There are 2 protein chains.
Amino acid sequence: MQTLSEENYLKAIYNLDKQGLKKITPTAISEALNNNPASVVDMLRKLVEKKLLQYEKSKGVKLTEKGRNIAILIVRKHRLWEVFLLEKLGYGWEEVHEMAEQLEHVQHAELADRLDKFLGFPEYDPHGDPIPKANGETAVTYKTVLAEIPEGGSCRVVAVKDTSPAFLQYLKKLDIGIGTKITMIEKIPFDSSVIIKLGKSNTTTVSRVFAENLVVHE
Amino acid sequence: MQTLSEENYLKAIYNLDKQGLKKITPTAISEALNNNPASVVDMLRKLVEKKLLQYEKSKGVKLTEKGRNIAILIVRKHRLWEVFLLEKLGYGWEEVHEMAEQLEHVQHAELADRLDKFLGFPEYDPHGDPIPKANGETAVTYKTVLAEIPEGGSCRVVAVKDTSPAFLQYLKKLDIGIGTKITMIEKIPFDSSVIIKLGKSNTTTVSRVFAENLVVHE
DNA sequence: TATATTTATTAGGCAAGACTAATTTTTCAC
DNA sequence: GTGAAAAATTAGTCTTGCCTAATAAATATA
Ligand SMILES: [Mn+2]
Ligand SMILES: [Mn+2]
Ligand SMILES: [Mn+2]
Ligand SMILES: [Mn+2]
């Protein structure tokens, strides 16, 4: 059994790995958890002791099979609870993440599977992230962001990278959600803002930061 | 905002009060929480500081309005989550309490009300305990236990006092649940065991401890 | 390669929440 | 009312998880 804090470290490390970070360092982890590298070093020692990860200064941090399984289960629970909160309790997609951060730590052997079944085995969470299956398999995450689409190209929104209420509320205001079709009209060289067209409606200009946090496909 | 530990103290004190204990002492609280009176004294100091309760050695502990409201909300969430786990996820009544102990601490202003609505505003939890309403009102709890029914008298199960899996599994085995009709056949003076009849089926003998943990009405 | 900068680690502390072992109060019994 | 027993409180520790400051190690840079 792990503490809540240990679970959050495992999840953070798992996510950094999924994001493609090749060398996972104490500093990277401390940035993800918004705490101090010294605290991370303490905790890494403890997690190595518990055989949940390996740490060599040259290679960085690697989860063991056991550590990764725990991390996957937490992510699975997190995303399933987000679906529950949105679909069953009617919360908005900008509200569910914070509660899921608490719910993901609720412990019971069958909980994830029962929730999964109750929700009808959803494949994606409200932010477009794939929900790991009971056997631990996870669909590949799309990595292309709107900023990478060439002028004239078009795509559909498949996920958001940033799940902060600020970003999600802005998307809601622009009427952009998972599945929305976007055409890249023009890229402004000065500050990398982009002009896009939503469906067949009017065009909008969004910032570089915006365009780098919207995950698209096609 | 309170810590998880503070919430558990408030809930324990609220429950002792509901059970009719006139003077709530550090020892009583430590027994409810399965910890040490010395720890309780530390925490009481902190909760007095936060104006969540008052403590005078002569009168014992009393929750303030603020403290009681927090306690009621925790109990409300606990019981609503129990209904959710039983009705929506299909758990048994002996399994839900442990998870509800975790879920009751999930924080969000609207959570209890949304859950309540989703569940169809249930009045009682799986163990027969009344679910506090959004405005804080709570139906009176029945207090008569099976042991108090006179020979020849009959009654219906309305709740269980003990919610441990051991007791609930035993009840399940005896096919006793909320609503089951029981007739008191005989009380054995020697050890206060009682012989009861379930519905119109056969008779069974149960212990004094058993008879004191089954709440009945009529 | 030597120096500057960044990163990692160690050392020393702090707050929360619990515990054990005194010690002081209260309560009970006679 | 006195002495014994029970309850409450205090004192002193421990663990977890975090922090800051100091030091050591690794990287970059010139
Ligand atoms: Mn989330
Ligand atoms: Mn999500
Ligand atoms: Mn319960
Ligand atoms: Mn209950």
Side-chain angles (χ1 to χ4, degrees), chain A residues 1-17 19 21-63 67 70-71 74 101-102 104-105 107, chain B residues 1-17 19 21-63 67 70-71 74 101-102 104-105 107:
Chain A
M1 193 83 306
Q2 320 67 231
T3 64
L4 186 146
S5 197
E6 287 168 356
E7 290 194 345
N8 282 332
Y9 275 89
L10 294 175
K11 183 180 61 155
I13 292 163
Y14 174 81
N15 283 335
L16 289 172
D17 186 49
Q19 285 166 218
L21 190 66
K22 50 214 155 181
K23 191 178 172 186
I24 299 174
T25 63
T27 303
I29 297 170
S30 76
E31 276 159 13
L33 291 174
N34 242 299
N35 69 1
N36 195 291
S39 310
V40 175
V41 171
D42 281 351
M43 183 59 91
L44 289 181
R45 200 168 288 124
K46 192 172 153 195
L47 294 173
V48 165
E49 184 61 37
K50 286 192 164 193
K51 298 199 197 302
L52 297 173
L53 56 81
Q54 292 171 271
Y55 178 40
E56 296 170 66
K57 58 232 151 238
S58 53
K59 296 180 161 188
V61 174
K62 279 264 170 317
L63 294 176
I70 293 168
I74 296 166
E101 288 288 315
Q102 303 172 62
E104 71 191 5
H105 301 289
Q107 302 280 350
Chain B
M1 193 80 309
Q2 319 67 233
T3 64
L4 185 145
S5 199
E6 287 167 357
E7 290 194 345
N8 283 331
Y9 275 90
L10 294 174
K11 184 181 59 155
I13 292 162
Y14 174 81
N15 284 333
L16 289 172
D17 185 49
Q19 286 167 216
L21 190 66
K22 50 214 154 181
K23 190 177 172 189
I24 299 174
T25 62
T27 304
I29 298 171
S30 76
E31 275 159 15
L33 291 175
N34 238 300
N35 70 0
N36 195 292
S39 311
V40 175
V41 171
D42 281 350
M43 183 59 92
L44 289 181
R45 200 168 287 124
K46 192 172 155 196
L47 294 173
V48 166
E49 184 61 36
K50 286 192 165 193
K51 300 198 195 304
L52 297 173
L53 55 82
Q54 293 171 271
Y55 177 39
E56 295 170 68
K57 57 229 151 242
S58 53
K59 298 180 160 189
V61 174
K62 279 265 170 315
L63 293 176
I70 292 169
I74 296 166
E101 287 289 315
Q102 304 171 61
E104 70 190 6
H105 301 290
Q107 304 279 350

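Chain letters run A, B, ... following the sequence lines, proteins first and then strands; every chain starts at 1. Since this is a predicted model, take the numbers as computed values, not measurements.
The nearest whole Å value for the distance from the CD atom in B:E7 to the C1' atom in C:dA16 is 15 Å. Atom pair B:E56:CD and C:dT25:C1' shows a separation of 17 Å (rounding to whole Å applied). Rounded to a whole Å, the CG atom of B:L21 is 14 Å from the C1' atom of D:dA7. Distance CG (A:L4) to P (C:dA16): 18 Å, rounded to an integer number of Å. Atom CG of A:L44 and atom P of D:dC18 are 12 Å apart (whole Å). Rounded to whole Å, atom P of C:dA8 lies 18 Å from atom CE of A:M43. Distance CG (A:D42) to C1' (D:dC19): 10 Å, rounded to an integer number of Å. Put simply, NZ on B:K59 is 17 Å from P on D:dA8, counting in whole angstrom units.
Distance check: B:N8 CG to B:N15 CG gives 10.5 Å after rounding to the nearest 0.5 Å. One finds the CG atom of B:L16 at 14.0 Å from the NZ atom of B:K23 (value rounded to the nearest 0.5 Å).
Scanning all heavy atoms of the two residues, the minimum distance from A:L44 to A:P26 falls at CD1-CG, 4.1 Å.
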Can you give the donor-acceptor pairs under 3.5 Å from side chains of residues 49-63 of chain A to other protein atoms, not counting sequence neighbours?
{"from": "A:K50", "atom 1": "NZ", "to": "A:M1", "atom 2": "O", "distance (Å)": "3.3"}
{"from": "A:K50", "atom 1": "NZ", "to": "A:E6", "atom 2": "OE1", "distance (Å)": "2.9"}
{"from": "A:K50", "atom 1": "NZ", "to": "A:E6", "atom 2": "OE2", "distance (Å)": "3.2"}

For residues 27-35 of chain A, tabulate all N or O donor-acceptor pairs below 3.5 Å that involve a side-chain atom, not counting sequence neighbours.
{"from": "A:S30", "atom 1": "OG", "to": "A:T27", "atom 2": "O", "distance (Å)": "2.8"}
{"from": "A:N35", "atom 1": "ND2", "to": "A:Y9", "atom 2": "OH", "distance (Å)": "2.9"}

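Partners of A:Q2 according to the side-chain hydrogen bond (donor to acceptor under 3.5 Å, both in side chains) rule, which considers only residues two or more places apart in sequence or in another chain, are A:E7. Remark: B:D17 engages B:I24 in a side chain to side chain contact (heavy atoms under 4.5 Å, CB included) (not counting sequence neighbours). Scored by the side chain to side chain contact (heavy atoms under 4.5 Å, CB included) test, A:E101 finds A:K11, A:H78, A:H97, A:E104 as partners (sequence neighbours excluded). Partners of A:D42 according to the side chain to side chain contact (heavy atoms under 4.5 Å, CB included) rule, which considers only residues two or more places apart in sequence or in another chain, are A:R45.
DNA chain D is contacted by A:N35, A:N36, A:A38, A:S39 of residues 33-40 of chain A, taking any non-hydrogen atom closer than 4.0 Å.
For B:S5, a side-chain nitrogen or oxygen approaches OP1 or OP2 of C:dA18 to under 4.0 Å. Between B:T27 and the phosphate of D:dA6, there is no side-chain N or O to OP1/OP2 separation shorter than 4.0 Å. In this model, the phosphate group of C:dT9 is not approached by any side-chain N or O of A:R45 to a distance below 4.0 Å at OP1 or OP2. The phosphate of C:dA16 (OP1 or OP2) has no side-chain N or O of B:Y9 nearer than 4.0 angstrom.
Where pairing requires Watson-Crick or G-U contacts shorter than 3.5 Å, the helical stems of DNA chain C with at least three consecutive pairs are C:1-30 with D:1-30.
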